[in-house]
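In what follows, every chain begins at residue 1, and chains take the letters A, B, ... in the order their sequences are listed.
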Amino acid sequence: MLTCWLISEDGNHEPLPLPHYQRVTLGRGPETTIKDKKCSRHQVELKADCNKGYVKVKQLGSNPTFVDSVEVGKGMEVKMEPGQQLHIVNQLYPYTVHFMEDLSGEPPPAKRPREPPSMEAADSKGASNVKVAKQANHTPSSGRESATSNNEKPGIWSNGLKATMQDPKMQVYKDDKVVVIKDKYPKARYHWLVLPWESIPNMKALRGEEHCDLLRHMQQVGQRMVAQCKDAPALRFRSGYHAIPSMSHIHLHVISQDFDSPALKNKKHWNSFTTDYFIDSQDVIQMLEKTGKVTVKEGTSELLKLPLRCHVCHKELATIPSLKEHLKTHISV
DNA sequence: GTTCTAGAAC
DNA sequence: GTTCTAGAAC
């Protein structure tokens, strides 16, 4: 896949990466070096589509943003292609976009961007035999302080998924909207995560028809993962979301219901997949369809402390080892 | 999310 | 004595 770069025609700073399908907010601030008070800190939102080769430019600030001397208009969005010029505010701060083949971070012509960090990612053994969709590279989201004001520091453990999903070695499927990886610590024989390229921190950030379509697509991709799994006929699967996930970047769990895994170690692990803490994908989509947003019931975090109960026969077990022993009675092979 | 470990439970 | 959990640190 190509990588998109935003280049300051004034040479005010190094090119900024625009990761595929991720919304990047720019304005007055250190990334752009713009100090002009007429420029909002959140002046524009950019979303690159590296497959189609354009960037969508949305004007967030009150003062006008221009693409080729055409005013975008507050709250409006226009397409911008290579060769066109973006003025972040008024006729100032010109930028262009460049799509480049991602040859291990080959720099765009203007100035060298800093090399994105290559995150090490532990291997996860696993019994899946999924074809890797493509071996194209995908440039990591940011080797610098994020262009958005979000917490996206790569070092923070809760941002680990953002790095792992970009690693071609971890990807078992990808298309223009989503990527699938095997969970690094699978809690069952089969445990995949479906993640959108677009950076959506959690379910609270879900809005509207666009995200609804995305979630439907994520579920469909999850179903395809199950369909290609040789052991699927002998297993039951669920796809859903943790009500309160530990890891940032929204992810759909697709997990077989054997829960036969050494990585399943404690009550939190168990209850997060077998109580209402785990919300079926269908239910999330339905809630988004009906109410335009997704909310989590109060007291959901308490569900993690519930006694251990078998998800098949509902027998209560005192300890994790005894639960694991019990689970064997429900597994045929 | 995991790892580590003190101390509770047995 | 050992097993297991749960909370802190990362």
(request) For residues A:H211 and A:I200, determine if any side-chain heavy atom of one lies less than 4.5 Å from a side-chain heavy atom of the other. (result)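 Yes, at least one pair of side-chain atoms sits under 4.5 Å.
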(message) Between A:E31 and A:H13, is there a side-chain heavy-atom distance shorter than 4.5 Å?
(response)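 Side-chain contact under 4.5 Å: no.
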(message) Need one value for A:T319: base, sugar-phosphate or nothing, where a base atom within 4.0 Å counts as base even if backbone is also close, heavy atoms only.
(response)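 Sugar-phosphate, no base atom in range.
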(request) Under 4.0 Å between any heavy atoms, over every strand shown, what does A:H242 touch: base, sugar-phosphate, or nothing? Just pick one. (result) sugar-phosphate
Provide, to the nearest angstrom, the distance between the [atom1] atom belonging to [X] and the [atom2] atom belonging to [N].
X: A:L308; N: B:dA9; atom1: CG; atom2: C1'; value: 15 Å
X: A:N159; N: B:dG1; atom1: CG; atom2: C1'; value: 11 Å
X: A:N271; N: C:dT5; atom1: CG; atom2: C1'; value: 14 Å
X: A:K265; N: C:dC4; atom1: NZ; atom2: P; value: 14 Å
X: A:I320; N: C:dA6; atom1: CD1; atom2: C1'; value: 12 Å
X: A:K268; N: C:dT5; atom1: NZ; atom2: C1'; value: 15 Å
X: A:E325; N: C:dT3; atom1: CD; atom2: P; value: 15 Å
X: A:W270; N: C:dT5; atom1: CH2; atom2: P; value: 13 Å

(message) Which residue is it: A:V254, A:V178, A:L252, A:V179? I am looking for the one with a side chain to side chain contact (heavy atoms under 4.5 Å, CB included) to A:V221.
(response) A:V178
(request) Measure the acute angle between the ring planes of A:H253 and A:H242, then classify it against the limits of 30° and 60° as parallel, tilted or perpendicular. (result)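 Plane angle between 30° and 60°, so tilted.
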(request) Give the nucleotide from the list C:dT5, B:dT2, C:dA6 with an atom nearest to the side chain of A:K267. (result) C:dA6
(message) Would A:W157 count as stacking on B:dG1 if stacking means ring centres less than 5.5 angstrom apart and planes tilted under 30 degrees?
(response) yes
(message) Taking only side-chain N and O atoms of A:H269, does any of them lie within less than 4.0 angstrom of OP1 or OP2 on B:dG1?
(response) no
(message) When you measure from the side-chain N and O atoms of A:K305 to the phosphate of C:dA6, is any distance below 4.0 Å, counting only OP1 and OP2?
(response)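 So the side-chain polar atoms of A:K305 never come under 4.0 Å of the phosphate oxygens OP1 or OP2 of C:dA6.
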(message) Membership question, hydrophobic clusters at under 4.5 Å side-chain separation (ILVMFWY): are A:Y277 and A:L264 in the same one?
(response)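 No; tracing contacts between hydrophobic side chains, which count when under 4.5 Å, never links both residues.
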